[in-house]
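Okay, here's the structure, questions in a sec.
One-based numbering, in listed order, for ligands and for the atoms of each.
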Amino acid sequence: MDIGIDKIGFYTPKKYIDIVELAKARKVDPDKFTIGIGQSKQAVPLEYQDSVTMAAEAADQIISKDDNIGLVIVGTESSVDESKAVATFLVDLLDLPENIRSFEIKEACYGATAGLKMAEGFVALNPDKKALVIASDIARYGINTPGEVTQGAGAVAMLVSQDPKILKFDHEEVYMTKNVGDFWRPTFSKTAFARGKFSNQIYVEFFSELWKKYQNDFNQSVDDFDTMLFHVPYTKMGMKALKTLKDQIDPDKFDSLSKNYQSSVQMGREVGNLYTGSLYLALISYLINGDPKDNEKILLFSYGSGAVGELYSATIQPEFKNNLDSEKIKKVLKNREKISISEYENIFNESPANGYITRDTDVLDKFYLREIKESERLYKKMDH
Ligand code: CAA
């Protein structure tokens, strides 16, 4: 049975900052941020937004009443509660049936890939059902930190089913786990701790080890792929991994892999790090901005600090354009408003606490945090 991604939706907040303005405010040469790091804009989530509201926005784009959803998994490292899963809030917000399994997965930026692999097993056992896997995160490092330029926010929702119309999983996958201190966020902290350069090094090492294992286990080489998609914490990062292949392959091959890589990071450049959604935003970006071929076999590298990595192949389905609403996705990026660095700093420093109430007139989105009462977060769907 063929199983994979049947539909895919994307959401990012309606406000952003310009990376050149950020560089100037931090007294850094803008080329460092736009070329050295490779970012142009950074999404800024508003006070009423979090991993719940963004997950709802992305999923709302792709689900319908007829989908026989039996499982909802949210991959996130920006959860709103130590106990209650983001997925459970979605049952109300998205009018999901109650006879579903729902839970949250955490392993840094690997969460959504873990969710997809579980969803694949679920559909294999329940072929008439679908699974909704959502990656939803806010990447926060802190004002004037080295990681600030790599912040971002957004969600990617994927419906996994049999006979998928967008991407079929090939069952060719290799994975590994090492206990590494490259990046972490203790429960007391709203911002991540990162050993930045060490995290770059571990990312590349994981890719190299997994690529070696993948070639060995499946008797394949770079000639079997025109496209490799990467987890994109910032657009230069995946290129660092891709460059490890440069000396081993024909220059034309490297150029074509680089060209496809650039189309896959076009959208990430505009929003920043989505953490666990970043790899899947790269997939969307490649499908919309690249030149994907029918039945093209692609390689996906998922990396979650801490660290878990997985390299797997999948095949683009010939009907993918019918199930990917590229105009809607482009609008998500286009219909945004630039804010100043000081406005961003004010928003960044706000933190809704007990007693918080959103003024409905401030809400630009469909789903929002309405209030925090007795430390319980209460959400609402706006009827625009
Ligand atoms: N013009 C052009 N390029 C310039 C430049 C200029 N004027 N000045 C500097 N650069 C280049 C540097 O040469 C460097 O390029 P290379 O990486 O190719 O060497 C690049 O800009 C960055 O410069 P630095 O290394 O000096 O930057 P930094 O010390 O400020 O930190 C960072 C960069 C480590 C990525 C930091 O932003 C960070 O800690 N980010 C968060 C952690 C992260 O994203 N890690 C990625 C791997 S882990 C992961 O993937 C999981 C995850 O999602 C977090």
Side-chain angles (χ1 to χ4, degrees), residues 19-20 22-40 42-43 51 75-78 106-114 135-156 176-186 189-210 228-244 246 258 261 264-265 268-269 271-282 300-311:
I19 289 295
V20 171
L22 180 68
K24 287 181 179 158
R26 302 294 174 250
K27 302 196 177 2
V28 170
D29 178 354
D31 286 355
K32 173 175 175 184
F33 284 4
T34 57
I35 301 168
I37 296 288
Q39 294 303 122
S40 302
Q42 182 175 110
S51 49
T76 184
E77 55 185 301
S78 346
K106 174 178 67 186
E107 181 9 61
C109 307
Y110 177 69
T113 301
S136 184
D137 268 312
I138 299 175
R140 284 169 64 93
Y141 293 89
I143 288 169
N144 217 354
T145 60
E148 183 181 29
V149 62
T150 69
Q151 293 178 156
V156 175
M176 63 191 267
T177 297
K178 285 185 187 179
N179 180 13
V180 187
D182 63 330
F183 171 106
W184 63 101
R185 182 165 72 83
S189 178
K190 290 195 184 319
T191 50
F193 291 55
R195 295 193 173 105
K197 296 215 166 66
F198 181 55
S199 70
N200 289 350
Q201 178 197 323
I202 298 293
Y203 175 115
V204 172
E205 281 175 18
F206 264 58
F207 173 72
S208 297
E209 275 190 51
L210 288 169
M228 294 187 181
L229 303 181
F230 292 83
H231 165 54
V232 188
Y234 54 97
T235 69
K236 185 89 167 284
M237 186 67 243
M239 187 43 95
K240 283 178 192 280
L242 194 56
K243 273 190 178 157
T244 60
K246 194 170 180 179
S258 301
Y261 175 78
S264 80
V265 297
R269 184 181 289 275
V271 292
N273 196 354
L274 300 194
Y275 282 160
T276 189
S278 289
L279 170 62
Y280 299 97
L281 181 59
L300 296 97
F301 174 57
S302 181
Y303 176 76
S305 287
V308 180
E310 177 153 349
L311 193 62

Do you see a protein non-hydrogen atom under 4.0 Å from atom 13 (O) of ligand 1?
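False for atom 13 (O) of ligand 1.
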
Between V232 and M237, is there a side-chain heavy-atom distance shorter than 4.5 Å?
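No, too far: nothing below the 4.5 Å cut-off.
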
Atom 32 (C) of ligand 1: protein heavy atom closer than 4.0 Å?
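False for atom 32 (C) of ligand 1.
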
Does any part of the side chain of F193, heavy atoms only, come nearer than 4.5 Å to the side chain of D182, both counted from C-beta?
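Contact flag for D182/F193 side chains = no.
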
Side chain, backbone, both or neither: which part of I202 has a heavy atom under 4.0 Å from ligand 1?
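Neither; no heavy atom under 4.0 Å.
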
So, T276 versus D137: side-chain donor-acceptor pair below 3.5 Å or not?
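There is no such pair between these side chains.
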
Can you classify the ring geometry of H231 versus Y203 as parallel (below 30°), tilted (30 to 60°) or perpendicular (above 60°)?
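Tilted, since the angle between the ring planes falls between 30° and 60°.
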
Looking only at distances, please establish whether an N/O atom of ligand 1 is found under 3.5 Å from an N/O atom of D182.
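D182 vs ligand 1: no N/O contact under 3.5 Å.
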
Can you find an N or O of K32 that's nearer than 3.5 Å to an N or O of ligand 1?
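N/O-N/O distance under 3.5 Å: yes.
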
4.0 Å heavy-atom contact, K240 with ligand 1:
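It does; at least one heavy atom falls under 4.0 Å.
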
For ligand 1, which is the ligand I care about here, please tell me if Y203 has any N or O atom under 3.5 Å from one of the ligand's N or O atoms.
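No.
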
Between K236 and ligand 1, does any nitrogen or oxygen pair lie at a separation below 3.5 Å?
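Such a contact does occur with ligand 1.
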
Do ligand 1 and P146 have nitrogen or oxygen atoms that lie under 3.5 Å from each other?
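Yes, since at least one N or O of P146 sits under 3.5 Å from an N or O of ligand 1.
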
Residue-level breakdown please: for D31 versus ligand 1, do any non-hydrogen atoms fall below 4.0 Å on the side chain, on the backbone, on both, or on neither?
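Answer for D31: both.
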
Using distance alone, determine whether Y234 and ligand 1 share an N or O pair under 3.5 Å.
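No, since none of the N or O atoms of Y234 sits under 3.5 Å from an N or O of ligand 1.
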
Specify side chain, backbone, both or neither for S199, according to which of its non-hydrogen atoms lie closer than 4.0 Å to ligand 1.
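Looking at S199 and ligand 1, atoms from backbone and side chain both fall under 4.0 Å.
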
If you compare all heavy atoms of A192 against all heavy atoms of Y275, which two are closest, and at what distance to 0.1 Å?
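Closest pair (atom of A192, atom of Y275, distance): CB-OH, 3.8 Å.
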
Quick one: are R185 and E77 in side-chain contact, heavy atoms under 4.5 Å?
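A side-chain contact under 4.5 Å is absent here.
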
